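To keep things clear, I will list the structure first and then write my remarks on it.
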Amino acid sequence: MQIIIMHSRFTKAKSITLSSNHLIFGILGFLMLTMICSAVMAALTLRLASGDIPFLRDFVPVAVANDPNAKDRYVKENIAAMAVKLGEMQAQLIRLDALGERVQGLAGVKPEEFNFRELPGRGGAEMSSVPPRELTMTEFQAAMDAMAKDVELRSDYMNVVETKLMGFKVQSKLLPTISPVNASYNASTFGWRLDPFSGRSAFHEGIDFPAPTGTTIVAAAGGVVIAAEFHPQFGNMIEIDHGGEIMTRYAHTSKVYVKVGDIVKRGQHIADIGSTGRSTGAHLHFEVHVKGVPQNPSKFLNAGANQADMAAISQK
């Protein structure tokens, strides 16, 4: 290749002849120069990012190096992210407080004994041997993430506890532990006795509560009425299924206020005392059956009386 150079200062034209070797070396030199410049620029960029080149800071655009607006944007973005995380944690704590109050009520703990809305007391001596240090942003974010996970785990645990306590409470309400009649004593206890009609020894499957005709009879526990009929032996009789294969029977009533299929509540007025069927006078014959086997009702009624006493003492 021949290059001809012409200029007004030249008296005659000059020519330069380039061979193929010149072209190859020229291209290689250009490529090497480009690579060297790229490597230098990359190194300068990395050094500039770490702030280790003071003399370059004057030549770098302000928006990249020490732009206050860029710093403000960075701080605002981090504050916004932390605010979102804080809002999530506050929502979790509100749910946890409400759940704690429900569990507290189910467990029978007084509100003044454990207030979820008050911070617990904390303290301790300041360690002079260990100097205090400031938390870094990474450490602070890690602490918030750990706390959020901890709150979530405690919420799951409290849900399990609430479910268990609710089950215990429902189960206790289905046990016949309240007296069906407001009577101070019973005339005939559970077990063997002399039959008032035949005079022979016979097994009495319940207890008798003597009271005037018309005295209110209430359900000893919640359940479903499975019988409300006249029986030759028991007269006007009611049977209530309380679940868990527990059944109560109310016999010799004068009036019945429920029918088969009714759902009755604990303490609900279901009948009045009378002297129907095989009876010598106005009273309530009360039975408790578990899995079809008659049980002593006094065991359930005494347990209910003890629970009521404990509840009264805890409220004082």
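None of the values given here were measured: they were computed from a predicted structure. As a basis for the values below, the full set of heavy atoms in this structure was taken, side chains included, without hydrogen atoms, waters or symmetry mates.
- Counting only residues at least two apart or on different chains, the salt bridge (charged side-chain N to carboxylate O under 4.0 Å, His left out) pairs with a member in residues 250-259 are K259-D262.
- In plain terms, the two heavy atoms of G281 and S279 that are nearest each other are O-OG, 2.7 Å.
- Minimum interatomic distance between T213 and A282 (heavy atoms only, all atoms of both residues): OG1-CB, 3.4 Å.
- The nearest pair of heavy atoms linking E287 to E205 is CG-O, 3.4 Å.
- Side chain of R278 to main chain of H252: no donor-acceptor pair is present (N/O by atom type, distance under 3.5 Å, no hydrogens or angles).
- No side-chain heavy atom of Q295 sits under 4.5 Å from any side-chain heavy atom of H289.
- Here the shortest heavy-atom pairing between N296 and F190 reads OD1-CB, 3.4 Å.
- Summarising the geometry of A271 relative to I238, their closest heavy-atom pair is CB-CD1, 3.8 Å, with the distance given to 0.1 Å.
- With H204 contributing its side chain and T189 its backbone, the two residues share a donor-acceptor pair below 3.5 Å.
- Side-chain N or O atoms of T253 include one that pairs as donor or acceptor with a backbone N or O of N236 at under 3.5 Å.
- Among the candidates L301, V293, T248, the single residue satisfying the side chain to side chain contact (heavy atoms under 4.5 Å, CB included) test with V288 is T248.
- Cluster annotation: L284 is not connected to M247 through the hydrophobic network of ILVMFWY side chains, with a link wherever side-chain heavy atoms come within less than 4.5 Å.
- Between V258 and V256, the closest heavy-atom pair is O-CG1, 3.3 Å.
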Please output the side-chain donor-acceptor pairs of residues 214-232 that fall under 3.5 Å, not counting sequence neighbours, one pair per line with the distance.
from	atom 1	to	atom 2	distance (Å)
T215	OG1	P212	O	2.7
H231	ND1	Q233	N	3.0
H231	ND1	F234	N	3.2

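- With hydrogens and angles disregarded, no donor-acceptor distance shorter than 3.5 Å links the side chain of T276 to the backbone of S254.
- F286 and Y250 have tilted rings, their planes meeting at an angle from 30° to 60° on a 0 to 90° scale.
- Under the 4.5 Å side-chain heavy-atom criterion for Ile, Leu, Val, Met, Phe, Trp and Tyr, I273 and M237 are members of distinct hydrophobic clusters.
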inquiry  = H285 vs I207, test: side chain to side chain contact (heavy atoms under 4.5 Å, CB included). Steps then yes/no.
reply    = CA-CA 6 Å; H285 174 79; I207 56 178; over 6 Å; no

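- Looking at E245 and V290, their side chains never come closer than 4.5 Å, going by heavy atoms from C-beta outward.
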